[in-house]
2 protein chains.
Amino acid sequence: MPEPTQTKASPNMADTDIAIVRIAPETSFKNKAYEALKEAILKMDIYATPEPVMLDERALSERLGVSRTPIREAIAMLEQDGFVKTVPRRGIVVVRRTKAEIVDMIRAWAALESMAARLITTTARKKDITALRDFFKDFGPDRLPQDHVEEYSKANIAFHQALISLSESPVLVDLTNDLLLHVRGYRQLTIGRKDRTATSLPEHLGMIEALEARDTELAEKRARDHTLGLAAYVEAHGQELFT
Amino acid sequence: MPEPTQTKASPNMADTDIAIVRIAPETSFKNKAYEALKEAILKMDIYATPEPVMLDERALSERLGVSRTPIREAIAMLEQDGFVKTVPRRGIVVVRRTKAEIVDMIRAWAALESMAARLITTTARKKDITALRDFFKDFGPDRLPQDHVEEYSKANIAFHQALISLSESPVLVDLTNDLLLHVRGYRQLTIGRKDRTATSLPEHLGMIEALEARDTELAEKRARDHTLGLAAYVEAHGQELFT
DNA sequence: CCGTAGTTTTTGGCATGCCAAATACCAGGA
DNA sequence: TCCTGGTATTTGGCATGCCAAAAACTACGG
């Protein structure tokens with residue numbers, strides 16, 4: 001989280017134009033461990049192995065070169081995020097989501113994104129809305145998304161995040177980011193696979209059009225339906241991805 | 001203070017014959033501290049005093065009778081929740097939200113609740129939907145909500161939580177609960193004060209009607225508009241509540 | 001071979017103690 | 001009186017080490 005630099009007012013520092021650089025935040029080991037572990041967890045494919053993935057405090061502390069204390073604090077934070085669950089005298093396990101949970105998360109995401117769309121129609125600048133098209137400028141009739149799934153998937157995520165950001169609502173941004181982190185754990189379904197990719201692009205363009213037209217209700221509906229479509233897709237075809 | 005009192009209560013399993021007692025959850029000090037601090041923070045009126053409310057690790061550990069370690073872990077968790085913010089060598093401060101942040105949270109709440117309403121129209125049982133009316137059975141033309149604001153406010157919260165629960169979506173339930181905890185910090189605006197209370201009841205009944213009618217779009221719209229109404233209210237009249 | 005009681009090892013939970021940064025406090029000088 | 005520099009104190013960050021509950025491992029009797 002970017003910190004609002006608080007410049008303390010000293011009695012007579014009024015005109016001193018010395019570059020008063022904000023002293024380094026010096027992230028603590030606790031936070032470093034948190035970031036490191038979070039990234040590691042997101043990077044690993046949790047659903048590949050049948051047996052649950054376990055973490056070991058001592059091993060981690062040795063690995064990261066710090067004592068167990070900051071590691072434990074980081075674990076506590078990750079547990080709040082729902083990435084990890086520590087069982088009293090048994091160990092720390094990386095949480096695996098069920099299909100139902102993922103579908104549920106995608107629905108919540110749909111709710112938040114449709115609200116973002118609603119807000120955007122009333123506050124965003126035309127220019128910024130139009131800029132959303134750029135995410136898909138590399139795709140078209142002669143370069144179909146379904147022929148470059150991986151690349152399109154990246155553009156897809158970027159588009160959604162940019163969209164939410166346009167709402168200028170920190171809460172919506174943070175909540176959807178959290179949800180996305182969980183949903184993306186399923187990298188097999190890179191946010192809708194080949195068969196869904198085909199319908200994805202037109203839907204995105206439709207959303208942008210509604211936003212440009214400042215049609216609040218329509219933009220909200222299109223954003224909602226688009227993501228609910230993904231939820232329905234996962235619910236119907238995601239069976240094999242979950243054991 | 002925190003002596004090596006690691007002595008746990010002896011398990012008196014002498015009399016019980018085959019009680020299939022589940023593995024004892026035995027909440028840790030860390031979790032106890034988390035719950036205790038969370039409740040304390042929610043209970044205090046953060047916005048009453050002009051200067052920021054600070055917490056002291058050592059004082060808390062003495063207060064709760066445990067060492068600093070579990071306290072620090074609990075603080076780390078609370079920080080993830082956004083209730084608290086620890087500044088390196090300065091202290092732990094209870095976070096105060098700005099009006100804009102509260103409004104933002106209420107909007108997100110509106111988004112989630114409208115999605116809940118949508119889901120309810122397709123899955124909830126008629127009986128459960130109708131049961132929502134019970135929350136307001138004590139109010140009517142001869143006992144106006146605006147004459148019993150405190151009581152009505154409680155019913156209000158309970159209604160919203162029951163509503164979301166009907167969606168049977170753990171994610172929606174958890175996310176809204178978290179948001180509510182933050183928003184409720186402003187107990188002055190007990191979720192819409194007197195002047196808003198008057199319009200609240202009819203809106204709630206309208207929502208219930210739409211749900212019973214299984215009118216997905218209407219239920220969603222009414223739920224959304226109702227809560228967005230609160231957001232607009234706070235944005236317009238909440239000025240004096242924030243410094 | 002199997003089950004079982006006893007023993008060792010592993011693992012998270014906590015208490016303690018020290019460190020450095022920040023702050024509060026204080027005495028001496030212009 | 002107001003600085004100013006130096007010192008004591010406060011406060012979060014971390015490293016360590018011990019504890020008890022579990023699990024893993026062993027030895028032994030049937």
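Remember, it's a predicted structure, so these values are computed and weren't measured experimentally. Naming convention: chains lettered A, B, ... in sequence-line order (proteins, then strands); numbering from 1 in each chain.
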query: Can you check the A:Met54 CE to D:dA22 C1' distance for me, whole Å?
result: 12 Å
message: From the set D:dT11, C:dT11, D:dT16, return the single nucleotide nearest to any side-chain atom of A:Thr69.
response: D:dT16
query: Under 4.0 angstrom, heavy atoms only, what part of the nucleic acid is A:Ser61 near: base, sugar-phosphate, or nothing?
result: nothing
message: Measure CD1/B:Ile92 against C1'/C:dA22 and give the value in whole Å, please.
response: 15 Å
message: So if I take every side-chain heavy atom of B:Phe29 and compare against C:dC14, D:dA15, D:dG12, which nucleotide ends up nearest?
response: C:dC14
task: Counting heavy atoms from C-beta on, name the nucleotide in D:dG17, C:dA15, D:dG12 closest to the side chain of B:Val66.
output: C:dA15
message: Between B:Ser153 and B:Asn156, does the side-chain hydrogen bond (donor to acceptor under 3.5 Å, both in side chains) criterion hold? Intermediate values first, please.
response: CA-CA 5 Å; B:Ser153 185; B:Asn156 197 345; 5.7 Å; no
- request: For A:Leu55, answer base if it contacts any base atom (sugar-phosphate contacts may also be present), sugar-phosphate if it contacts only those atoms, and nothing otherwise; contact means non-hydrogen atoms under 4.0 Å.
  value: sugar-phosphate
query: To the side chain of A:Arg72, which of D:dA15, C:dT16, C:dG13 is closest?
result: C:dG13
task: To the nearest Å, give me how far apart CD (A:Glu73) and C1' (D:dA15) are.
output: 12 Å
- request: Using the closest heavy atom to pick a nucleotide of DNA chain C for each, name whichever of B:Arg58 or B:Pro70 lands nearer the 5' end.
  value: B:Pro70
field: Candidate nucleotides C:dG13, C:dA20, C:dC14, ranked by approach to the side chain of A:Arg89 - the nearest
entry: C:dG13
- prompt: Where does the angle between the aromatic ring planes of A:Trp109 and A:His160 fall among parallel (under 30°), tilted (30 to 60°) and perpendicular (over 60°)?
  reply: perpendicular
field: Length of the CG-P vector between B:Leu64 and C:dG13, whole Å
entry: 18 Å
message: Using the side-chain heavy atoms of B:Asp56, tell me which of these nucleotides is nearest: C:dA15, D:dG13, D:dG12.
response: D:dG12
message: Whole angstroms only, please: what is the CZ-C1' distance between A:Arg68 and C:dT10?
response: 11 Å
message: Rounded at 0.5 Å granularity, tell me how far CG in A:Leu180 sits from CD in A:Glu113.
response: 8.5 Å
field: Whole-Å distance separating the CE atom of A:Met77 from the C1' atom of D:dG13
entry: 14 Å
